[in-house]
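Right, one structure below, let's go through it.
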Number of protein chains: 4
Amino acid sequence: MANKAAPDAPPGSAGGTPTRRYSERSRQAIFEAALALVGEVGYEKLTIEGIAARAGVGKQTIYRWWPSKAAVLLDAFGSAADAYEHEGLPDTGDLAADLKAVLRATVDEFNDAAWQAPYRALVAAGTNDEELSRSFVGRLMEPGIRLYVERLRAAREAGELDPDVDLRIGAEMLLSPFSQRWLMRTGELTHAFVDTLVDQVLRGLRRRD
Amino acid sequence: MANKAAPDAPPGSAGGTPTRRYSERSRQAIFEAALALVGEVGYEKLTIEGIAARAGVGKQTIYRWWPSKAAVLLDAFGSAADAYEHEGLPDTGDLAADLKAVLRATVDEFNDAAWQAPYRALVAAGTNDEELSRSFVGRLMEPGIRLYVERLRAAREAGELDPDVDLRIGAEMLLSPFSQRWLMRTGELTHAFVDTLVDQVLRGLRRRD
Amino acid sequence: MANKAAPDAPPGSAGGTPTRRYSERSRQAIFEAALALVGEVGYEKLTIEGIAARAGVGKQTIYRWWPSKAAVLLDAFGSAADAYEHEGLPDTGDLAADLKAVLRATVDEFNDAAWQAPYRALVAAGTNDEELSRSFVGRLMEPGIRLYVERLRAAREAGELDPDVDLRIGAEMLLSPFSQRWLMRTGELTHAFVDTLVDQVLRGLRRRD
Amino acid sequence: MANKAAPDAPPGSAGGTPTRRYSERSRQAIFEAALALVGEVGYEKLTIEGIAARAGVGKQTIYRWWPSKAAVLLDAFGSAADAYEHEGLPDTGDLAADLKAVLRATVDEFNDAAWQAPYRALVAAGTNDEELSRSFVGRLMEPGIRLYVERLRAAREAGELDPDVDLRIGAEMLLSPFSQRWLMRTGELTHAFVDTLVDQVLRGLRRRD
DNA sequence: AATTAAACGAGACGGTACGTCTTGTCTTGGG
DNA sequence: CCCAAGACAAGACGTACCGTCTCGTTTAATT
């Protein structure tokens, strides 16, 4: 799975095997070219020939390491995203406020045009390609969802939430309406929307007295 | 908008203009071919050439009326879906039971392989094509969402739900986690899942006494 | 033959049946459109659709009466050429001078760009279409050759030429090098060329004393 | 010019540059397919798609190296014709007999149906395409004409012909009536015809005593 | 250092599908 | 009831990319 999307381990990855040699320079050039092109022409008109040309790289160098343009993009995107992500959600003790703060920031991020193209592209590609979507979800989405689950768990342990609540579904009640609106354009992504959403979801999760 | 996807109105459509002439026979043949092919080979390998050949139709007859294979499929899908849809959700007085019943049926429908291909295809295409996604949402999704909003409204008027609840967001809390799991394969679609989902959502919407 | 190129006789052509409605107006409009277009876009890009549009005529009206764009052009060209042609070559008593005068004029005519396009077009089309080339030769070329044959016959009867000379081949010795140079661009068409040609040909035809 | 029709020199052609690589196999297959097809279906219905399919070659491989089907055919024909051609006309001392012998053989050749199709095709295509006709004439016709000019020159130097004769025009007087009859079907191509033609032409070129 | 084997850039190859264009036939509706 | 307008089935056009396959040429890691 990860194998398909992120092929044959980067140099760092030890292993007894005599270490496949490859050009880190080409790798970077390909990522840059792919991200630049997907922003310029969109995913549909993104071609491997185009990426190769832009990166100053032979087509075979791409085909050698990635099975599809989607896989290239996923790696490119992933390597750009690996940086942040690892901190966990804030916990000031006020769950609603914390969720609203994070989701408001995410609204702004998702409304950024430059950010949208490759992300949408990957979702679209994954929709029809199960293997790709599993890589995408596992690599880029699941970690995000888990942050929310953890924050909810903390709140539950603090006695704020009903002990019977299903945390995973709770997180999805928060995140799915959000990403659905963005993905399918079923509604606007605004701060007001996330505020209402958080309130309405938390009403259902909170402990009754 | 609808104009692009569902071109130039069928003959019936009144209008002072002298009514664009076209062959209803070809139209039907194209829809059947498109739906059959998308099921057989998937969306990526669905080609306009293939549809034309299967339908026994010149390529130009497709290009004349639709801008893309996605638009053909949207129309095909829409014309197939126009049939049912118009009944409204059941209202037995037991909101939770009604929602669970409908969503369980929908789970089964969404787990049907034959059904998935064209639907996924359209979502994927729409992800990168705003105009298409607006047609898709307006024609196929919005009506569905509205059925849920209406059922919730009935419940609110019956005093079951809190008068302050945002019905639209309530409906999204029910439907988005569902379609998100299906679309991105972030989780399984089971009857148990929808049961828990309905319960947890309704806890947040119900009137407190 | 003539049937194919000049179909179904114009209205004038007697016949008990008065029926056959046929629009002389359309016929003229088609000829004008065809000649204008072949001059503007050349023969290869001349299309029947284009002629119909320019003439303000339905395509079917052209297909009904002519089998190909070449046939249309042949008729158009023929009907334009029928006018002149019928006078016979000058006969001042000086054969060489007469031939040079006529051929020099023809040089000028053949070097006229506007004139070339449809004529070349017909020759080219005829090259691969025997029936068409027979119509073309019979209607447009043979009459011209015969004028030369007649002029040579007059000279032979006047005792200028050897009585054994083959007049037809004599005319071809004059005309073919000329048209060959024009058609295949094997050499320049100049007044000097025709002068030398006439002299060299006549040396062979003249009576020896 | 030749460059356009015969692209990028065969591998042998020295040059410091690393020699454009291309498949001699494909080249030959294309020539064979083109010549076979033009004989079977004629030039108008000869298509590049058809050639590619018959040759087992991608369309692009043809488009990469030749600009049109006419250019393919010219190369194909040229490469087939390059073989013979290089011997010079016979010189038995009897000019008339030599010319008659060669022209009678050529009559037979030109009356051969298999031979006609591609040759006619090229002439027709060249008629409307100046560049092509220059290639065609330069590569296939001019060498032939020059053989006749040289034979006439030998005769002139042997004192058989008038020293003032224009050899080029003399050759055209022989060859053009011949090719004109063939090309435009203005008359039959028979041995009798060429005999008379040779006699009548030579009468005009021979030295007078 | 010299050797050697892979990965590299370049790009030709056999193909598929694109979207456009023309052809000749068929259909519709106004005059 | 003719005929312009134009939709239709068919299929060639030339283009863009696909994914595979040589070509020489780096480029390291092992000798």
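Lettering follows sequence order; numbering is per chain, from 1. Note that these values count all heavy atoms, side chains included, but never hydrogens, waters or copies made by symmetry.
For E/dG24, its base sits under 3.5 Å from the side chain of C/Lys59 at one donor and acceptor pair at least.
The distance between atom CD1 of D/Ile62 and atom P of E/dG15, rounded to the nearest whole Å, is 12 Å. Distance, D/Tyr43 OH to F/dA12 P: 16 Å, rounded to whole Å. For the pair A/Glu49 CD and F/dG19 C1', the computed distance is 10 Å after rounding to whole Å. Atom-to-atom, CD of B/Glu44 to P of F/dG19 comes out at 11 Å; the value is rounded to the nearest Å. Atom NZ in D/Lys45 sits roughly 12 Å away from atom C1' in E/dG24 (whole-Å rounding). The interatomic distance linking C/Lys69 (NZ) with E/dG24 (C1') rounds to 14 Å, in whole Å. Counting to the nearest Å, the P atom of E/dG19 and the CH2 atom of B/Trp66 are 15 Å from each other. When rounded to the nearest whole Å, the span between CZ of B/Arg25 and C1' of E/dT27 equals 12 Å.
At E/dT22, none of the side-chain N or O atoms of C/Thr47 fall inside 4.0 Å of OP1 or OP2 (strictly under the cut-off). The phosphate of E/dA7 has neither OP1 nor OP2 within less than 4.0 Å of any side-chain N or O from A/Arg64. For F/dA9, one of the phosphate oxygens OP1 or OP2 lies less than 4.0 angstrom from a side-chain nitrogen or oxygen of B/Thr61. Within the 4.0 Å cut-off from OP1 or OP2 of E/dC13, at least one side-chain nitrogen or oxygen of D/Trp65 is found.
The six-membered or imidazole ring of D/Tyr43 lies away from that of D/Tyr119, with a centre-to-centre distance of 6.0 Å or more. A ring-centre distance under 6.0 Å is not found for C/Trp65 and C/Phe31.
Note on D/Glu130 versus C/Arg120: no salt bridge recorded, every NZ/NE/NH1/NH2 to OD/OE distance being 4.0 Å or above.
Taking the side chain of A/Tyr63 as heavy atoms from C-beta on, and the options F/dT20, E/dT23, E/dG19, the nearest nucleotide is F/dT20.
When each of D/Ser26 and A/Gly56 is assigned the nucleotide of DNA chain E with its nearest heavy atom, A/Gly56 is the one assigned upstream, toward the 5' end. If B/Gln60 and D/Gly58 are placed on DNA chain E by their nearest nucleotide, the residue sitting closer to the 5' end is D/Gly58. For the pair D/Leu46 and B/Val57, both in contact range of DNA chain F, the more 5′-proximal nearest nucleotide belongs to B/Val57.
A donor-acceptor pair under 3.5 Å is formed between the side chain of D/Thr127 and the backbone N or O of D/Val123.
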> Can you list the steps and then say if B/Arg54 with B/Glu49 is a side-chain contact (heavy atoms from CB on, under 4.5 Å)?
Replying inline: CA-CA 9 Å; B/Arg54 172 86 151 238; B/Glu49 303 228 346; over 6 Å; no
